[in-house]
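Here is the structure we will look at, set down as structure tokens.
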Amino acid sequence: MFRRRSEDEQALAVAAVLEDQTRDPQAPKGRPTPKRSEAQQQRRKAVNTPTDRKAAAKQAREARRVDLAKRREALANGDERHLPAAHQGPVRKFTRDYVDSRYRVAEFFLPMAVLILIGSLMPAVQTLSLFLWVLVIVLILIDSVITGLALRRQLAKRFPDQNTKRAVTYGLMRTLQMRRMRLPKPQVQRGAKL
């Protein structure tokens, strides 16, 4: 029960598990159902974890590193297969494309904020910089309301039977980021027809 397995037994067990996993679930299995005792023996053999803790931790770190690299590349290229769950699906893709296809006031907030802050340090234009703060905030609010309403209308028209919950919020949060800093990277040019 608690004996050590040889390397050959482990390799055969892994091969058997991989063979079972690659089979099409709709295809006939092509072999008789094993007895319970045989199935339990195969399950015990199928465990392929390293025997020492350090090797297991190293293997887990490597798997995490590979997964993060795939996700980072997917965010840079817009590859749907490896995107995080928050960015997957046709609704989210359309929302990203809709936001990226036009200029938004909110994406220029950071550069305008820096200019306004520099202006507020000069006594001659402090009143003007206060007025500009209010103007920028009002413009962002108006643009966000218009974008949100238009996006909600487009989503209802294009995806009537799909869940579009939180898609508008997702799009509005994307407008707050400068275009170069957005992840996943924009896949459409400005002015593109959707």
Side-chain angles (χ1 to χ4, degrees), residues 13-29 43 46-50 55-113 136-137 139-194:
V14 169
V17 169
L18 290 177
E19 181 181 306
D20 287 344
Q21 290 175 352
T22 57
R23 182 180 69 81
D24 181 21
Q26 301 299 322
K29 90 182 143 172
R43 278 199 305 271
V47 177
N48 187 24
T49 57
K58 184 177 180 181
Q59 186 179 18
R61 271 195 310 272
E62 182 64 25
R64 246 190 332 269
R65 188 187 65 74
V66 168
D67 185 48
L68 285 174
K70 281 183 183 177
R71 286 183 183 207
R72 213 174 300 122
E73 186 177 334
L75 286 171
N77 300 333
D79 184 15
E80 283 282 328
R81 293 173 296 160
H82 299 293
L83 283 177
H87 301 290
Q88 288 181 349
V91 173
R92 296 296 170 108
K93 180 171 179 14
F94 175 77
T95 302
R96 285 193 303 271
D97 291 346
Y98 184 82
V99 168
D100 295 338
S101 66
R102 297 192 180 128
Y103 284 100
R104 309 288 175 195
V105 176
E107 71 184 275
F108 299 110
F109 174 72
L110 285 176
M112 289 187 290
V136 166
I137 291 172
L139 286 175
I140 289 173
L141 286 174
I142 291 171
D143 186 51
S144 295
V145 167
I146 292 170
T147 301
L149 292 173
L151 180 57
R152 183 170 283 129
R153 190 171 37 247
Q154 286 292 325
L155 287 171
K157 186 169 74 173
R158 290 178 187 250
F159 305 101
D161 56 341
Q162 290 189 13
N163 184 11
T164 59
K165 191 175 186 179
R166 297 189 186 127
V168 174
T169 307
Y170 175 76
L172 291 178
M173 292 305 292
R174 190 167 173 88
T175 64
L176 292 173
Q177 301 166 351
M178 293 171 54
R179 185 177 170 92
R180 275 189 301 252
M181 311 285 275
R182 292 177 183 166
L183 289 176
K185 295 286 185 193
Q187 301 292 313
V188 296
Q189 298 295 320
R190 293 195 198 267
K193 299 290 182 189
L194 299 178

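All residue numbers refer to positions in the sequence shown, counting from 1.
Counting all heavy atoms, side chain and backbone alike, L176 lies closest to A106 at CD2-CB, 3.6 Å. In terms of heavy atoms, T95 sits closest to L155 at OG1-CD2, 4.0 Å.
A distance of 11.5 Å separates CZ of R92 from CZ of R174, quoted to the nearest 0.5 Å. Summarising the geometry, atom NE2 belonging to H82 is positioned 10.5 Å from atom CG belonging to N77; distances are rounded to the nearest 0.5 Å.
K93 meets the side-chain hydrogen bond (donor to acceptor under 3.5 Å, both in side chains) test with D97; sequence neighbours excluded. For the ring pair (Phe, Tyr, Trp, His ring centres under 6.0 Å) test, no residue two or more places apart in sequence or in another chain qualifies with F109.
Listed by first and then second residue, the side-chain hydrogen bond (donor to acceptor under 3.5 Å, both in side chains) pairs that reach into residues 185-194 are E107-R190, sequence neighbours excluded.
Taking a cutoff of 4.0 Å between a charged side-chain nitrogen and a carboxylate oxygen, E62 and R65 qualify as a salt bridge.
Taking the side chain as every heavy atom from C-beta outward, L183 and H87 never approach each other to under 4.5 Å. In this structure, the side chains of Y103 and R179 stay at 4.5 Å or more apart for every pair of heavy atoms. Between V105 and S144 there is no side-chain heavy-atom pair separated by less than 4.5 Å.
In this structure, Q162 places its CD atom where more than 12 heavy-atom neighbours from other residues, nucleotides or ligands lie under 6.0 Å away. More than 12 heavy atoms of other residues, nucleotides or ligands sit less than 6.0 Å from atom CZ of R158.
When the options D143, T175, T147 are evaluated for a side chain to side chain donor-acceptor pair (under 3.5 Å) with R104, the one that passes is T147.
Taking the six-membered ring where tryptophan is involved, the planes of F159 and F94 are perpendicular, since the angle between them exceeds 60° and thus also 30°.
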